[in-house]
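Inspection log for the structure reproduced underneath, given as structure tokens.
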Amino acid sequence: MASRAGRAPGVTIGDVAAAAQVSRATVSRAFTRPQLLSQETVERVRTVAARLGYVGNQAARALSTGRFGNIAVVVPDIANPFFPPLVRSLQLAAEAADLAVFLGDSDESAEREAKLIARLAAQVEGFVLASPRLSEALIRELAATRPVVLVNRDLDGIPRVLIDSSGGMTEAVLLLKKLGHQRLVYLAGPRDSWSDQQRRETLTQTSAKAGLTVEIVEVGRPTYAAGRDSVSAVVRSGATAAIAFDDVVSQGVLAGLEVRGISVPTDFSLVGCDDTLAALTTPALTSVSAGAAPAGTAAAKLLVNLLEATEPHTEPSTECVTIATHLVTRATTAAAPKSTP
């Protein structure tokens, strides 16, 4: 009879290895990393294990090897519609590698992010940090002790996935110029966000080359309420068009403009970023494409590669995967009005 631990008394991983004529490492991989072995080897090992009454025990393996079969992804705000597609695609790719995914939400707080990582570190083999708010020093400190992959944070020497907003942002500015807009507003996101830094830089440089005036309105945490509350500043600016840090902010701006009787796009044009809410806005939102799902898949693959690079003296991966963006034009952009709203 099998024991409560899930195996016949006395049957060890060595017994299975001897009976299957493979190494102990191969037996372990047959249960924890089957994708590294041929299907024939996996089936042979598992058949022998079943005949002997041996079942791999994850808790016991973790205690003896430090390999938990878990990874963690930490995001700044799971309520932001950009992150669920990223997490879902990451989880699918991780499951294909027989890894479970723990999720942490830092609530846009670097301090909370650090606490989450400290508590998860004892249970996971590696981290994906999506748009992390941690300082560079703390991220590098973590990467020195655990495999780490970054999403939308560009640090040399650490594997990362970057959604390059510059292409889509450039298209947005040039479209607004073509439509006759001369004064723009950028509704900025958190200053410690790599994505916001990239979008600010692209917007200001492209606008300057195009001869357009840009005013930066600091929104801070990208929420619907923040977007709605920014409308007063937008109106005071005299701009005829705005580009928002993301679609959530854009949705709030649409609501705030409607309250003031300002029609979009007749009186005012609006562009979002991440392209996550077009189906939920009226009119449908012009937005810079997201790439969240591909980013999640790419991040999972980079982390799996790190976890599988166990050869002694192997140089850690520093690969950078870049995902391009483009502008998706819909119904919130039109020719500039003859006079400002």
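Numbers for residues simply follow the sequence, beginning at 1.
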Notebook entry, point to check: Do Thr204 and Ser207 have a side chain donor and acceptor closer than 3.5 Å?
Noted result: no
Closest non-hydrogen contact found for Ala292 with Ser89 is O-OG, 4.2 Å
_Expected output: side-chain His181 to main-chain Ala334 donor-acceptor under 3.5 Å_ = yes
The reported gap from CD1 in Ile117 to CZ in Arg112 (rounded to nearest 0.5 angstrom) is 12.5 Å
* Asked: Would you call Glu108 and Arg133 a salt bridge, using N to O less than 4.0 angstrom?
  -> yes
Scanning both residues in full, the closest heavy-atom pair of Arg146 with Val124 reads NE-O, 3.3 Å
- Query: Is the closest side-chain donor-acceptor distance between Asp164 and Thr322 under 3.5 Å?
  - Reply: no
Value for OG1 (Thr276) from CG (Asp247), rounded to nearest 0.5 Å, stands at 4.0 Å
Distance col, row Met169:CE vs Gln198:CD, nearest 0.5 angstrom, shows 8.5 Å
- prompt: Looking at Asp275 and Arg330, does any basic side-chain N land under 4.0 Å from a carboxylate oxygen?
  reply: yes
- Can you list the steps and then say if Arg200 with Glu218 is a salt bridge (charged side-chain N to carboxylate O under 4.0 Å, His left out)? CA-CA 11 Å; Arg200 286 182 195 238; Glu218 300 293 345; 2.7 Å; yes
Margin query: For the backbone of Val42 and the side chain of Arg44, can you confirm whether one donor and one acceptor N or O come within less than 3.5 Å of each other?
Written below: no
Glu201 and Gln197: side chain donor to acceptor below 3.5 Å:
no
For the pair Thr325 (side chain) and Ser289 (backbone), establish whether a donor and an acceptor sit closer than 3.5 Å, ignoring hydrogens and angles. no
### Query
Are Arg153 and Glu136 close enough, and set up right, to give a salt bridge (charged side-chain N to carboxylate O under 4.0 Å, His left out), and what steps lead you there?
CA-CA 9 Å; Arg153 184 70 175 270; Glu136 177 178 346; 5.9 Å; no
Practice problem: Examine distances only and state if a side-chain atom of Glu113 and a backbone atom of Ser106 form a donor-acceptor pair shorter than 3.5 Å. | Solution: no
Just by distance, no angles: are the side chains of Asp196 and Tyr186 close enough, under 3.5 Å, to form a donor-acceptor pair? yes
| task | Please determine, by modelled atom types, if Ser23 and Thr26 share a side-chain donor-acceptor pair under 3.5 angstrom. | result | yes
Notebook entry, point to check: Any donor and acceptor pair, going by atom type alone, linking the side chain of Thr332 with main-chain N or O of Thr286 inside 3.5 Å?
Noted result: yes
Margin query: For a quick check under 3.5 Å, do Thr202 and Ser166 share a side-chain donor-acceptor pair by atom type?
Written below: no
Across all chains, not counting sequence neighbours, the side-chain contact (heavy atoms from CB on, under 4.5 Å) partners of Glu141 are Leu138
Does the pair Arg199/Asp274 count as a salt bridge with the N-to-O cut at 4.0 Å? yes
